[in-house]
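This report refers to the structure that appears directly beneath it.
Below, chains carry the letters A, B, ... as their sequence lines are ordered, and counting in each starts from 1. Not measured: the values here are computed from a predicted model.
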There are 2 protein chains.
Amino acid sequence: MRRKAGPSKGDLREAAILDVARRMFAERSYEAVTIDDLAAGAGISRTGFYFYFPTKPAVLTALMARVSDDFAASHVWFDSTGPAPDLLREQLLMSARIWRANAGLLSCSATAAASSEPLRDLLTHSKARYDERAAAKIRRDQANGTATTAITAERLAEMISAIRDTQYGRLDQATDTELRNVVDTLVTAIQRLVYH
Amino acid sequence: MRRKAGPSKGDLREAAILDVARRMFAERSYEAVTIDDLAAGAGISRTGFYFYFPTKPAVLTALMARVSDDFAASHVWFDSTGPAPDLLREQLLMSARIWRANAGLLSCSATAAASSEPLRDLLTHSKARYDERAAAKIRRDQANGTATTAITAERLAEMISAIRDTQYGRLDQATDTELRNVVDTLVTAIQRLVYH
DNA sequence: GCAGTATTCGACAGTGCGTCGAAATTTTTG
DNA sequence: CAAAAATTTCGACGCACTGTCGAATACTGC
């Protein structure tokens, strides 16, 4: 009784490549992982790799697409009104955990983006979407008088992203307590920067 | 009458390589410039290049050392007391001009740092020195009650660097007016973030 | 103009990338 | 279940760039 056609052999291979890639990019630097490494790790020859992915950064792009979606699911603060420090903390806490769980991958992506148009596009779009949602929230709060108007909402949003990224850089191997401290610092900084 | 031994032929060649490199890295991406390009641009064969520099990033390191010194010379705000918005503006204006004049080089350096230990060290040290001086200033202002103590001086300093770098990203081809606007925005942001 | 140093270069070897077409395997179909 | 069709695998090849060596050549001071 064959109900569903299970995943074909190729699907499994593709999953294996992604699996190995996630592990390798988490530990080594981007350049230190060769296509040969990925193929060998997935149990195929180097040229076999090209049946599944056109290039090395393409694998990273596939992995990052998932992470990017995870991030997007954590944006609870953007729908609030006013400073809403508790929602901001919750949003930052969720994204900080995602960041920590993917620190190596994010670092490799940043490196690889320099030489891969598709990956660069993914990251750019991902960041743009975040910044736009942040800017929209701040714009609303400027209209209702809770946020400063000394700086445009767009630039405030960019600054929030920038501050967040540097501080997240701290949590590569952070404990839960350290992670909470980083988030608290960010909440304070963002409130100071944007609200009265 | 030979007073001074002029620069030897080799010194001139080295200068030529640095010259060509500055121009090429300003226009193309880091990977798009090969050692062959640099050598040809300086009028020697590819292997001749290795007499002067061990690797491609080493050239970038030499160029960046100068830029790093230029930046260090613009730090007038760090010696002040309190918010000192005028000195802050002056410091940011100077560094913004240096940044704009070297935008391409800075971008290539960021890329190359991923694969070159010496260059990474230079940039890390350069940033660390900046952050330490900023932190020292903020620590003083926290002691005399002008700066917030809700966030440690070290983290505030990191955040300032982060905000500065993103906003400087805007001034790749900026006019003087745009540059001033970016600087004004930064002055406002830093004052909001750090002072009462 | 000669000894010693500085500079240049061609030949070689290594690494990783990506393409091609043929072979082997899996899946579908009758 | 066997033949047809598809999917998957791989070895051979060519390419671009890097880095090393030693021999040849060009400078330099005396």
Side-chain angles (χ1 to χ4, degrees), chain A residues 1-21 24-25 28-62 108-109 111-120, chain B residues 1-21 24-25 27-62 108 111-120:
Chain A
M1 42 153 81
R2 44 190 153 83
R3 291 280 184 81
K4 293 180 178 180
S8 73
K9 193 176 178 189
D11 293 336
L12 293 175
R13 239 13 143 178
E14 185 175 324
I17 292 175
L18 289 171
D19 225 53
V20 169
M24 286 191 176
F25 285 128
R28 307 185 210 167
S29 74
Y30 173 69
E31 297 94 355
V33 176
T34 69
I35 290 180
D36 204 18
D37 294 333
L38 294 177
I44 54 178
S45 73
R46 188 178 65 83
T47 45
F49 169 90
Y50 292 100
F51 181 76
Y52 297 100
F53 296 96
T55 61
K56 183 168 59 161
V59 181
L60 221 28
T61 306
C108 286
S109 293
T111 304
S115 61
S116 165
E117 176 103 20
L119 180 54
R120 187 166 48 247
Chain B
M1 39 154 86
R2 44 193 153 80
R3 290 281 183 79
K4 293 182 179 180
S8 72
K9 194 177 178 187
D11 293 336
L12 293 174
R13 256 340 162 195
E14 186 175 323
I17 293 174
L18 288 170
D19 225 54
V20 169
M24 286 190 176
F25 285 126
E27 290 171 3
R28 307 185 211 167
S29 74
Y30 174 68
E31 298 93 358
V33 177
T34 69
I35 291 179
D36 204 17
D37 293 332
L38 295 176
I44 53 178
S45 74
R46 188 180 64 82
T47 44
F49 169 91
Y50 292 100
F51 182 77
Y52 297 101
F53 296 97
T55 60
K56 183 168 58 158
V59 181
L60 221 29
T61 305
C108 287
T111 304
S115 62
S116 163
E117 175 102 19
L119 180 53
R120 187 164 51 247

Please give, in whole Å, the distance from [N] [atom2] to [X] [atom1]?
X	N	atom1	atom2	answer
Tyr50(B)	dG22(D)	OH	C1'	17 Å
Phe49(B)	dT18(D)	CZ	P	9 Å
Ile44(A)	dA24(C)	CD1	C1'	15 Å
Glu14(B)	dA6(C)	CD	P	14 Å
Leu12(A)	dT26(C)	CG	C1'	12 Å
Tyr52(B)	dC9(C)	OH	C1'	12 Å
Phe53(A)	dT9(D)	CZ	P	13 Å

Q) Where along residues 30-39 of chain A does a heavy atom come under 4.0 Å from DNA chain C, residue by residue in number order? A) Thr34(A), Ile35(A)
Q.
To check you understand the geometry: which heavy-atom pair defines the closest contact between Val20(A) and Ala42(A), and what is its length?
A. CG2-N, 4.0 Å
(Q) Filter on salt bridge (Lys or Arg N to Asp or Glu O under 4.0 Å), then keep only pairs touching residues 48-57 of chain A, sequence neighbours left out; what's left? (A) none
Non-neighbouring partners of [X] that pass salt bridge (charged side-chain N to carboxylate O under 4.0 Å, His left out), sequence neighbours left out:
X	result
Asp36(A)	none
Arg28(B)	Asp37(B)
Glu27(B)	none

Q.
According to side-chain contact (heavy atoms from CB on, under 4.5 Å), who are the partners of Ala21(B), at least two apart in sequence or on a separate chain?
A. Phe25(B), Leu38(B), Val59(B), Leu63(B)
Q) Looking at residues at least two apart in the chain, or sitting in another chain, which of them share a side-chain contact (heavy atoms from CB on, under 4.5 Å) with Ser116(A)? A) Pro57(A), Pro118(A), Leu119(A)
Inter-residue atom distance [X].[atom1] - [Y].[atom2], 0.5 Å rounding:
X	Y	atom1	atom2	result
Ser29(B)	Met24(B)	OG	CE	12.5 Å
Glu14(B)	Phe49(B)	CD	CZ	10.0 Å
Phe53(B)	Leu18(B)	CZ	CG	4.0 Å

Q) If we fit an axis to the first five pairs and another to the last five of the helix from dG1(C)-dC30(D) to dG30(C)-dC1(D), what angle do they make, to the nearest 10°? A) 20°
Q: Taking side-chain hydrogen bond (donor to acceptor under 3.5 Å, both in side chains) as the test, write out the residues that go with Arg120(B), two or more places apart.
A: Glu117(B)
Q. Phe51(B) side chain: which of dT20(D), dT8(D), dA6(C) is closest?
A. dA6(C)
Q: Considering just the side-chain nitrogens and oxygens of Arg13(B), establish if one lies under 4.0 Å of OP1 or OP2 belonging to dT8(C).
A: yes
Review item, nucleotides 10-12 of chain C N/O atoms under 3.5 Å of protein N/O:
residue	atom	partner	partner atom	Å
dG10(C)	N7	Thr47(B)	OG1	3.3
dG10(C)	O6	Thr47(B)	OG1	3.4

